[in-house]
Structure formats: C-alpha cells, structure tokens
Student: 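Can you keep this structure in mind? I'll have questions shortly.
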Protein chains: 2
Amino acid sequence: MNANAADTERDLPDIGKMLCFSIYSAGHAFNQLYRPLLADFGLTYPQYLVLVSLWSRDGRTVKELGEALFLDSSTLTPLLKRLESAGLVTRTRNRQDERQVLLNLTAEGQALKVRTAPVSKCISEVVGIDAETAQKIKVAIEAIRDAIYKRA
Amino acid sequence: MNANAADTERDLPDIGKMLCFSIYSAGHAFNQLYRPLLADFGLTYPQYLVLVSLWSRDGRTVKELGEALFLDSSTLTPLLKRLESAGLVTRTRNRQDERQVLLNLTAEGQALKVRTAPVSKCISEVVGIDAETAQKIKVAIEAIRDAIYKRA
DNA sequence: TACAATTAATTTGTGCACAATATAAATAGA
DNA sequence: TCTATTTATATTGTGCACAAATTAATTGTA
C-alpha cells in the first residue's frame, strides 16, 4: 500500500470508529430499555420526556417545551395530542396571545410523576455507572450537541 | 423542605440531569448536521451508515448488517429497498440458503465512498474535538450501550 | 422420510422526527 | 390605520424504528 492509499484510508469512515454511531446506537439502546418499562403506563420514551419536562415546569407553551427538548412543533403537536387523548395533559390557547398553546398536566399526568419513579431507578441500575461518571459523560455529550447546534 | 421531600426530590427525573436525554438530543443534533451534507447525495443518515458498513465489508446478509448497526430487518428491508431503487446496492437471495438476502454495492454505491469523503471531514470539524477525546467519549458510550443490551 | 422447531426476511401498524408549507395571530412601520 | 413582517402552531409528506405477525426455507429429530 502506498502513501496515498494510506492517507485515503485514514479519512474514510469506519462504523466502529464513528462517535456519531456510538451515540446513534446508544440512543436506540436506551429507547429499547425504556420501552417495556414505560409501556406499563401506556407511554413512549419521547412522551415520557415531555412529561418529565412538564413535571419540573408546568404551564409552558409548545415552543418553550420544544426548546427544552430540541424538538419542533411538527413533532410535538401530534405527540401532545396523544397525551391529551390519554388524559395526561391539557392544551389550551393562551388568552393573552392566541398563537400560543399552553400545556398543563392533569391530575393523572401529575400522578405519573410518582408512579413512574421506579422506572428511572431501574434505568440507572441497568446502566450501572456511578453518578459522577455519568455526569462527566453527559457534559461531554452536551458539549458536542451544543457545538453542532451553534454551527448549524 | 423536610427530609422526606428532599429524598423524594432526589429520585425524581430532571431532564437536565438525564444522561439518556443528552444522548437522545445529541443523536438528533448529529442527524441534523448530516442531513444537508448527505442530501447532496440523496442519502439519509441511516442510509449513509448502511453504506459505511458495506464499504468496509460488502456481500453481507441483512442479518449481519443488522447486527453491525443494532437494527432489525423490519427497519432495514424498506431502507435497503430504497438504496436498491437508487441504484446503490443489489439485493439477491443466497443460492446456498434461500432465506438470506445478500447485499452488494453497485459501482455507483462504491463510488460514493470517495465522493462522500468530505462529509466526514466536515462533521469532525464541526464537532471540533480531538481524536483522542472523541475516542474516550465513544468508548464510554459504547460501554453504556453494551451494558443495556446485555441486560435487556 | 415426515414433520416439528428454528431461522431469515418481509409485512403491517404505530409513533417519532423533520423539512416544507399553511394558517392565524401579533407586531412593526409607513 | 393599514399593511408587511414576524411569530406560534398545525398540516403534509417522507423516512426511520420497532413490536407483532407472516411467509418461506432450513435444520433437527423421531
């Protein structure tokens, strides 16, 4: 193999060396880990993330929720309608600004905060790393995510 | 706030503290970063990952590809049909075992290996971290992914 | 050789995820 | 005030992602 071929080889993508693929595949792994646990409550993983967001701050608009989750309204609107159909959230137009839709948890939606508590405990047990290590990895991944969104 | 309330609070999920959410949102960020770059070649990010896999080992079955990408055939079959329609891969039943479908790159599919080389270069520039740091993060994420798949 | 069990791929149905577009309300400027 | 622009949601269309069920081929076993 000559020098040029070696140079070319070095730049070519290899699935085993791609950081993006590790993130992509780990995302699927988490989804599959959450799925059966959340299915007991009739929830999907993205729906659970919406509820987690609302549990810490209720009464937000779709846009604010989207900023927290890095999702836009075309993803959230149908998802929120499903949560509304399930009786977990209400969607009401803001009287002060009729463009906005305010999201509020119902009593049942609030109650899931406590009822689903064992889920997050189970997740951290399976992942099996200590809080500090997890925090370090999380910060590193967030830095990458934020770098991408800054440039793009 | 009494001790019980503090204990309860500690266990409740917070989107800002969840490692899984950083992975989930970083995955979307990568997808959005790749999208316009790959659109020039008529590819989606998952389609690109399939091609990357085949570039390093051509002639695999759907099952083998799925094991490499952590995807099952119900995801891959329609994706591979689209790549076939685009003239990038061929799908042929294995004569030795008619249950299997062998995947092979066409000349055009092979050619994309070189033509898309600038894409991965662009990605690493935007992510903007050195190879060693990226490697460390990748290994940590893979360990989490593998821990999940081992238990689930 | 029969025929049950396993395996590989496909099909079906549901739910994200997102670009592009549409709609309607609020705001800004002339 | 009138109209152009901006903003917040919703809609449409395409493509993953996966569980569950289906089909067809192979293997195991009596």
Side-chain angles (χ1 to χ4, degrees), chain A residues 21 24-40 42-51 60-67 69-86 91-103 148-149 152, chain B residues 21 24-40 42-51 60-67 69-86 89 91-103 149 152:
Chain A
F21 175 69
Y24 169 84
S25 55
H28 292 161
F30 270 110
N31 195 1
Q32 289 181 54
L33 176 56
Y34 272 104
R35 186 184 300 274
L37 303 176
L38 294 175
D40 294 344
L43 294 174
T44 65
Y45 177 60
Q47 288 168 10
Y48 174 70
L49 292 178
V50 165
L51 292 181
R60 275 189 288 189
T61 66
V62 172
K63 181 181 172 55
E64 287 167 337
L65 180 66
E67 285 168 352
L69 297 177
F70 300 91
L71 296 172
D72 66 10
S73 66
S74 60
T75 298
L76 288 173
T77 295
L79 187 156
L80 290 165
K81 283 181 176 175
R82 281 185 283 271
L83 289 181
E84 187 181 40
S85 300
R91 297 160 63 246
T92 53
R93 287 281 165 181
N94 186 352
R95 287 281 168 78
Q96 271 68 51
D97 185 340
E98 289 280 346
R99 292 173 303 182
Q100 300 178 340
V101 168
L102 298 177
L103 305 170
I148 292 172
Y149 278 126
Chain B
F21 175 69
Y24 169 84
S25 55
H28 293 160
F30 269 110
N31 196 359
Q32 289 182 51
L33 175 57
Y34 271 104
R35 186 185 302 273
L37 303 176
L38 294 175
D40 294 344
L43 294 174
T44 65
Y45 177 60
Q47 286 167 11
Y48 174 71
L49 291 178
V50 165
L51 291 181
R60 276 189 286 189
T61 65
V62 172
K63 181 179 173 54
E64 287 168 337
L65 180 65
E67 285 167 352
L69 297 178
F70 299 91
L71 296 173
D72 68 9
S73 64
S74 60
T75 297
L76 289 173
T77 295
L79 187 157
L80 290 165
K81 283 182 177 175
R82 282 187 281 272
L83 289 181
E84 187 181 40
S85 301
V89 303
R91 299 161 61 247
T92 53
R93 289 278 166 183
N94 187 350
R95 287 280 168 77
Q96 271 69 51
D97 185 342
E98 289 281 344
R99 292 173 302 181
Q100 301 178 339
V101 168
L102 299 176
L103 305 169
Y149 278 126

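Residue numbers begin at 1 in each chain, while the letters A, B, ... track the order of the sequences.
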Student: Looking only at non-hydrogen atoms, find the nearest pair between A/Val62 and A/Leu76 and report the distance.
Tutor: O-CD1, 3.8 Å

Student: At under 4.0 Å between heavy atoms, what does A/Leu79 touch on the DNA or RNA strands: base, sugar-phosphate, or nothing?
Tutor: sugar-phosphate

Student: Using whole Å, what does the distance between atom P of nucleotide C/dA9 and atom CG of B/Asp97 come to?
Tutor: 8 Å

Student: Would you please classify the geometry between the A/Tyr24 ring and the B/Tyr45 ring as parallel, tilted or perpendicular, with 30° and 60° separating the classes?
Tutor: perpendicular

Student: Any side-chain heavy-atom pair from B/Thr77 and B/Arg91 closer than 4.5 angstrom?
Tutor: yes

Student: Calculate the interatomic distance between B/Asp72 atom CG and C/dT12 atom P; express it in whole Å.
Tutor: 16 Å

Student: Classify B/Thr44 by what it touches in the nucleic acid, base, sugar-phosphate, or nothing, heavy-atom distance under 4.0 Å.
Tutor: sugar-phosphate

Student: Test of understanding: with salt bridge (charged side-chain N to carboxylate O under 4.0 Å, His left out), list the residues that count as partners of A/Glu98, not counting sequence neighbours.
Tutor: none

Student: Specify the residue among A/Asn31 and A/Val101 whose closest nucleotide of DNA chain D lies further upstream toward the 5′ end.
Tutor: A/Val101

Student: Under 4.0 Å between any heavy atoms, over every strand shown, what does B/Leu76 touch: base, sugar-phosphate, or nothing? Just pick one.
Tutor: nothing

Student: Considering non-hydrogen atoms only, spot the tightest contact between B/Val89 and B/Leu80 and give its length.
Tutor: CG2-O, 3.9 Å

Student: Assign each of B/Ala29 and B/Thr75 to its nearest nucleotide of DNA chain C by heavy atoms, then name whichever residue's nucleotide is nearer the 5' end.
Tutor: B/Thr75

Student: How close do A/Pro78 and A/Ser73 get, counting heavy atoms only, and between which atoms?
Tutor: CD-O, 4.1 Å

Student: What are the two closest heavy atoms between A/Val50 and A/Leu83, and how far apart are they?
Tutor: CG1-CD1, 3.7 Å

Student: Below 4.0 Å from chain A heavy atoms, what is the first contacting nucleotide of DNA chain D and what is the last?
Tutor: D/dT7 to D/dA19

Student: Want to settle it: does A/Pro46 or A/Arg99 sit nearer the 5' end of DNA chain C, counting the closest nucleotide to each?
Tutor: A/Pro46

Student: What N/O pairs connect the protein and nucleotides 1-5 of chain C at under 3.5 Å? Give each pair on its own line.
Tutor:
none

Student: Considering non-hydrogen atoms only, spot the tightest contact between B/Tyr149 and A/Ser25 and give its length.
Tutor: OH-O, 4.2 Å

Student: I need the NZ-P distance between A/Lys63 and C/dA25, as an integer number of Å.
Tutor: 19 Å

Student: Shortest non-hydrogen contact from A/Asn94 to A/Gln96?
Tutor: OD1-N, 2.9 Å

